[in-house]
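Please read the structure below before turning to the comments.
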Number of protein chains: 2
Amino acid sequence: MKRTSRDIRTANRYEVLREIIAESPTSRQELAAATGLSLATVATLVGELLDLRMITEVGFEDSAGGRPRGLVAVNASGGALIGVDIAETYVRVELFDLGLNVLARADEDMRPGESLPEQVVGHVAAAVGSVVAQAGVEGARVLGVGVSVPGQVDRDTGIAEYAPNWDWHDVPLLDLLSEHIAYPLYLDNPLRACAVAELWFGAARGHGDAVVVNLGTGVGAGLVLGGGLHRGVSNSAGEWGHTTLVLDGRLCHCGNHGCVETYVGAPGIMLNLRELSPKSTLLHPEDQTATINALARGVADREPVALKVVRDTARYLGAGIADLVNLLNPQVVVLSSWVAATLGEPLLNEVREAVSRHSLRRPFTATEIVLSPIPTDPVCLGAATFALEGALSSISQRSGRRVAGGRTRTAPSA
Amino acid sequence: MKRTSRDIRTANRYEVLREIIAESPTSRQELAAATGLSLATVATLVGELLDLRMITEVGFEDSAGGRPRGLVAVNASGGALIGVDIAETYVRVELFDLGLNVLARADEDMRPGESLPEQVVGHVAAAVGSVVAQAGVEGARVLGVGVSVPGQVDRDTGIAEYAPNWDWHDVPLLDLLSEHIAYPLYLDNPLRACAVAELWFGAARGHGDAVVVNLGTGVGAGLVLGGGLHRGVSNSAGEWGHTTLVLDGRLCHCGNHGCVETYVGAPGIMLNLRELSPKSTLLHPEDQTATINALARGVADREPVALKVVRDTARYLGAGIADLVNLLNPQVVVLSSWVAATLGEPLLNEVREAVSRHSLRRPFTATEIVLSPIPTDPVCLGAATFALEGALSSISQRSGRRVAGGRTRTAPSA
DNA sequence: AGGGGTTAGGAAATGGGGTTTACAAAGTCC
DNA sequence: GGACTTTGTAAACCCCATTTCCTAACCCCT
């Protein structure tokens, strides 16, 4: 609510680093042009990032008649970020370098019974230890650990207020984790993790208003509004999965009827398939992943049943997304998470068609609908991004003292 | 997108003036406490507003042992603001003093045939001239004219891109109006006008995130996010009336089926009534206002049919609002416009109940649902508020030169 | 009536942020 | 080697808000 000039600096720092990561290597001039900031400001921010060793000077651009532009690039080895994706049946942990490349990964399966916070925390701690060991980085280089847990989260206190999977209520997850993990910890939920991943590295980059629609087992929508994540008053904005799409429709586990999630989440899609063709060979009861994969193959082979299921699903999804387009008028709608990734282009095309039918013409023409371009697990990436943001905003200011003649001209010459 | 320190100043200026208008008269100390700003900043901003003659010093508060606090209040006669509400069948113009009290009003009816931009502009110009004459203010005191026109509007170019009522396409409305009206003009649509009215003077004041649900002939939702109006990328955010509530439901004039508007807009409510009881005496075909009024009286008399219609309407409305609560997690949802005002508390209670059934518990407990506390036409008020915002942000800065010893201590003594 | 305590509010100093301007550094081209 | 061009740093400047200091204005008490 209360904006201060520090926020401007932080936002600009984000913007510059985003641009460097995306365009690495790049020059100050290009950064200034891309961000709209003055050269001096860019230079200052670049200086800060250099002092933090998050980026390095990597040489010079060939020039045609003037002083060559110095190039800066992400200093991949300048630190490591860890992203933790806690899901219903597994914990996945990835360790990234500062270029956001995956250096190590650890998966831990959780049995249905294992729902106590202590058990989950144990898995997370083990996996975090594993990735650090695998990557062989010294602990001091880990800048932070972002943790995504489904449900409602208070990111300030680090309390998981409510996790529907395991009936958790007000679990002080961050405190529990900090007993096993020595790095700075950041907690949020997968919806917002995916949104932040798109904002930094994906299709929402540079867009003021974007909606990241999450299609997995659950369904939600991360909201990027005014260039930043919209959290709402109690950090629970984005619960789009329980929007009523069909009055008195399918029963949802939330207790209501006709929620979007029951039609376009993985279990909903399976139900769409079952209703259309109960004995289809595409259907793998009890295995969502296998069914969605089979469906994708079926579409590729142009099987009528698969095509019809995708079309039906897209009709529901399109109606829901059209509502978001009308309401929020975003520049881009991103389809993210594994169901969207698996069904890919065929789903996208049907969705585009359905949205165009359901939305108003003016807002529709202003928004693009795309698949997430992020190749890896967006939840881990987004969680790691929370850690990155944390590392960037906790700069003590004036700590780097920039000794005269110190860092000038250390870069490898052309 | 790009935030600058000037924006902070403007936002703070808004905040301070809002507070003064709401709590007039008030002291600098209270303002500092209410806004969270330092005393010095408040003093500077108050000084600016004094220089602009928008507020005046009106005396002192009794003190108990110290220097008494100087009180400032809105300088009602320091200027006038005009709000124009262009609707399908009428043009309403109100002239406000700076305390946002209505000083004069003019209504012009428009016949169904009169849909040419020139005709509408003529009515507006006549009504604006009328209110200025009625109020007897010199023209120089009119700070601006805000104009609300339904549909899609480009507020920067002043073009009404699309007005569904009259099939307008890209009408340069502001240019046309400026030929007849010499005051600064501001253009937007009624949705955002109502939202801004609530943000400045109504139930959304002081809340970072709010949704202003507009129930009139048409239906929409003004979005206040992060303390400011959310406009979306092409200034068309808030088109909530065409959210699909019932898949394959009632046909809407937008071409789709099952839009919220077809169930909870005035014509929709009439249809709810007709479907329930085709021969009800409450029903006045061709007259929305009469029907809604009759319905309100019926509810007051506890007539079963009226009660049932309101309950049914609230069920639809509640489902729709629940989706907004889940998605945006606002602090407050305001029911605005004439249908909401007419049906009042009975509708509100049913809506609250319905929302609580359809929304997730966590976001629901964080949001309040209220009727708009604004007693006058919110569209005119909101339109005038656009003019007020315009007058406040176009401050030339350092124009008032604050001669030493100039304005000190001119106030009436206690 | 004249101190002493107390609160209000102005003025100046301070610090964060961004931009503009001046200038040195580092190239190419002739 | 000099002229021209471009980069990037450093210094000056403007804007905004906060902190600090000090005076003004009041009450109460003697």
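In what follows, every chain begins at residue 1, and chains take the letters A, B, ... in the order their sequences are listed.
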Distance, nearest 0.5 Å, that separates CE of A:Met54 from CG of A:Leu392
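It is 4.5 Å, given to the nearest 0.5 Å.
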Strictly distance-based, threshold 3.5 Å: is any side-chain N or O of A:Asn329 a donor or acceptor partner for the main-chain N or O of B:Ser236?
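Yes; at least one donor-acceptor contact below 3.5 Å.
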Let me know the distance between [atom1] of [X] and [atom2] of [N], rounded to the nearest Å.
X: A:Leu31; N: D:dT7; atom1: CG; atom2: C1'; value: 14 Å
X: B:Phe60; N: D:dA24; atom1: CZ; atom2: C1'; value: 11 Å
X: A:Glu30; N: D:dG8; atom1: CD; atom2: P; value: 11 Å
X: A:Arg69; N: D:dT7; atom1: CZ; atom2: P; value: 5 Å
X: A:Gln29; N: D:dT7; atom1: CD; atom2: C1'; value: 6 Å
X: B:Arg28; N: D:dA25; atom1: CZ; atom2: P; value: 13 Å
X: A:Arg9; N: C:dT19; atom1: CZ; atom2: C1'; value: 13 Å
X: B:Glu48; N: C:dG10; atom1: CD; atom2: P; value: 13 Å

Of all the nucleotides listed (C:dG16, D:dA17, C:dT20), which has the minimum atom distance to the side chain of A:Ala40?
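Of all the options, the side chain of A:Ala40 is nearest to C:dT20.
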Does B:Ser27 or A:Leu37 map to a spot on DNA chain C nearer the 5' end, using the closest nucleotide for each?
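Result of the comparison: B:Ser27.
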Find which nucleotide of DNA chain C each of A:Gly66 and A:Thr10 is nearest to by heavy atoms, and output the residue with the more 5' nucleotide.
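The answer here is A:Thr10.
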Heavy atoms under 4.0 Å, any strand shown: does A:Ser5 hit a base, just sugar-phosphate, or nothing?
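Sugar-phosphate, backbone atoms only, no base.
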What do the steps show when you test B:Leu31 against B:Glu23 for side-chain contact (heavy atoms from CB on, under 4.5 Å), and what is the final call?
CA-CA 9 Å; B:Leu31 288 171; B:Glu23 305 294 331; over 6 Å; no
So if I apply the side chain to side chain contact (heavy atoms under 4.5 Å, CB included) rule between A:Leu199 and each of A:His207, A:Arg18, A:Arg205, which one comes out positive?
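Checked A:His207, A:Arg18, A:Arg205 against A:Leu199; only one passes side chain to side chain contact (heavy atoms under 4.5 Å, CB included): A:Arg18.
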Any side-chain N or O of [X] less than 4.0 Å from the OP1 or OP2 oxygen of [N]?
X: B:Asn12; N: D:dA17; answer: yes
X: B:Arg67; N: D:dA24; answer: no
X: A:Ser38; N: C:dT19; answer: yes

Given side-chain contact (heavy atoms from CB on, under 4.5 Å), test A:Arg155 with A:Arg231 step by step and report yes or no.
CA-CA 10 Å; A:Arg155 75 189 323 256; A:Arg231 302 185 167 280; 3.2 Å; yes
More 5' along DNA chain D: B:Pro68 or A:Gly70, using each one's nearest nucleotide?
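The answer here is A:Gly70.
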